[in-house]
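Please read the structure below before turning to the comments.
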Amino acid sequence: MGGLLSCFSPEEEVKRRRPPPPSLRRGRSTAPAGGGLAAELASAVGSSNRWGKIRSSRKDRLEEALIQEGAIAALLLGGQNGGGGPGPAFDRSSSLRYPVPSQSTKRQNGLPRSSSSRARSLTDPVLQPQQLVNQELSVHDLETNHFVLVHGGGFGAWCWYKTISLLEESGFNVNAIDLTGSGIHSFDTNNITSLSEYVKPLVEFLGKLGDGEKVILVGHDFGGSCISYAMEEFPSKVAKAVFICATMPKSGQSTLDVISQQAGGNGLMQQAQIFLYANGNERPPTAIDLNKSLLKDILFNQSPSKDVVLASVSMRPIPFAPVLEKLSLSDTKYGSVRRFYIEAPEDNAIPLPLQQSMIESSTPERVFRMKGADHSPFFSKPQALHKILVEIAKIPPITDA
């Protein structure tokens, strides 16, 4: 998202590519084919069998393999929903679950670890449950224990698999939403013509919440603009809003306006952009794709290689019309929701100076920073992100004096 303004610059050569014919477009817009993922899943299972024969000091890696398998299995199951109609939101109740281990098992195995094969960074330590939620404070005593996770441009609900697992193990209720044309939602990205159409799955989910029920909305990347739209529509149902290295527009701004504040543009992002013209080259772009060979440098420069592979086979084009749409945000609705921002210093897509510019322009209640996090902290710093999200959940509601 960091270099979208390049498409309006005469000095930049715009890469054009005609979209595939309708007969092939469905395969492009649906979730990734299951063959490669099935092979990876089989490999993970085989590896877990071998790990059982090794010293007990390596048993904690098994739980992480199960997390990986759960994410891949969810993708495979979701891929079977392809067809004419849109797929359902990624509801954890329909995906694979693993029971919370007993206290004795926790002492033996600890919490699931990151999928990185390298030594764990001291900035993302493994945290015990009692470090996340005080023993005197039950998640059921919080203002809300319900998180709703909204992915960024090109991503899907699949990107939150580590965050979902960690939050659920701490007792929280979690839903990750696939926006229109994203993840396993089968709609053709090129046919999305408005922001309201793009965020429709999120709006429908919030609309079905019961009276008095509130959630913590979490948006990443372009998902920041999406949760802003939802905050204006359902302010009474959003207890807190969390922006993770995300766009945070003011009223009257589009996502493109926000990104354009970046001085000098983002050369790496401009190189990666591939504009799709489903309505012909003489018409505006309908979607933006990214060069898969540059994904790691832009979005995952601190992330484990397994997660980079998962993203490379799962990411889909970003609809262009919603990026151009200006938001109308009021003080009485959007402005009534408590906002929190989480900075990612190693972000190459929305660099730290741009994050800080948005924070200064529209100051949130609190700002957090994850040292060493890239644009995808749910991959690069899952434990640190989890700790911050729980800390935000524990902040008590503001009461009238």
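Listed by chain and number, the residues in a side chain to side chain donor-acceptor pair (under 3.5 Å) with D257 are S254, K326 (sequence neighbours excluded).
Judged by distance alone, the side chain of Q355 and the main-chain N or O of A344 form a donor-acceptor pair under 3.5 Å. Between the side chain of S361 and the backbone N or O of S357, no donor-acceptor pair lies under 3.5 Å. Looking at T286, its side chain does come within 3.5 Å of a backbone N or O of A278 through a donor-acceptor pair. With Q253 contributing its side chain and P249 its backbone, the two residues share no donor-acceptor pair below 3.5 Å. K381 places no side-chain N or O within donor-acceptor distance of the main-chain N or O of M370, the cut-off being under 3.5 Å. In this structure, N301 contributes its side chain and N348 its backbone to no donor-acceptor pair below 3.5 Å. The main-chain N or O of K214 is found under 3.5 Å from a side-chain atom of T144 such that the two form a donor-acceptor pair. For the pair D178 (side chain) and A157 (backbone), a donor-acceptor distance under 3.5 Å is present. Of the possible polar contacts, one joining the S314 side chain to the L310 backbone as a donor-acceptor pair under 3.5 Å is found.
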> Run the salt bridge (charged side-chain N to carboxylate O under 4.0 Å, His left out) check on K208 and E213 step by step: do they pass?
Replying inline: CA-CA 10 Å; K208 293 177 181 178; E213 186 176 357; over 6 Å; no
> After noting the C-alpha distance and the side-chain angles of S251 and L327, does the key distance pass the side chain to side chain contact (heavy atoms under 4.5 Å, CB included) rule?
Replying inline: CA-CA 6 Å; S251 184; L327 282 78; over 6 Å; no
> Does the pair E143 and K240 meet the rule for a salt bridge (charged side-chain N to carboxylate O under 4.0 Å, His left out), with working shown?
Replying inline: CA-CA 10 Å; E143 180 181 12; K240 301 180 180 80; 3.3 Å; yes
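Residues in residues 354-364 take part in no salt bridge (charged side-chain N to carboxylate O under 4.0 Å, His left out) pair, two or more places apart or across chains.
Using cut-offs of 30° and 60° for the angle between ring planes, the F147 and F172 rings count as perpendicular. In this pair, F275 and Y277 present their aromatic rings tilted. The plane angle is within the 30 to 60° band. Between F368 and F340, the ring planes lie tilted relative to each other; the angle falls in the 30° to 60° range.
A salt bridge between E343 and K371 is absent, with no side-chain N of the basic residue lying under 4.0 Å from a carboxylate O of the acidic one. Comment: K333 does not engage E233 in a salt bridge, judged by the lack of any side-chain N to carboxylate O separation of less than 4.0 angstrom.
In the model, S328 has no side-chain atom that pairs as donor or acceptor with a side-chain atom of E232 under 3.5 Å. Under 3.5 Å, the side chains of S362 and R339 contain a donor-acceptor pair of N or O atoms. Using modelled atom types and a 3.5 Å distance limit, the side chains of S225 and T247 yield a donor-acceptor pair. Side-chain polar atoms of H375 and D347 form a donor-acceptor pair below 3.5 angstrom. Side-chain N/O atoms of D374 and S376 include no donor and acceptor closer than 3.5 Å. Checked by atom type, the side-chain pair D221/H151 shows no donor-acceptor distance below 3.5 Å. Side chains of E197 and T180: a donor-acceptor N/O pair is absent below 3.5 angstrom, by distance only.
Shortest non-hydrogen contact noted between A176 and I164 is CB-CD1, 3.9 Å. When all heavy atoms are compared, the tightest approach of A241 to I227 is CB-CD1, 4.3 Å. Residues M269 and L290 approach most closely at SD-CD2, 4.0 Å, considering heavy atoms.
Going from atom CG of L166 over to atom CH2 of W160 covers 12.5 Å, rounded to the nearest 0.5 Å. Atom OG of S194 sits about 5.5 Å away from atom CD of E325, to the nearest 0.5 Å. A distance of 6.0 Å separates CZ in F379 from SG in C159, rounded to the nearest 0.5 Å. Atom CG of residue N175 and atom CG of residue L202 lie 10.5 Å apart, to the nearest 0.5 angstrom. L389 contributes atom CG, which lies 8.0 Å from atom CD1 of I216 (distance to the nearest 0.5 angstrom).
When the options F243, F320, F155, Y198 are evaluated for a ring pair (Phe, Tyr, Trp, His ring centres under 6.0 Å) with F222, the one that passes is Y198.
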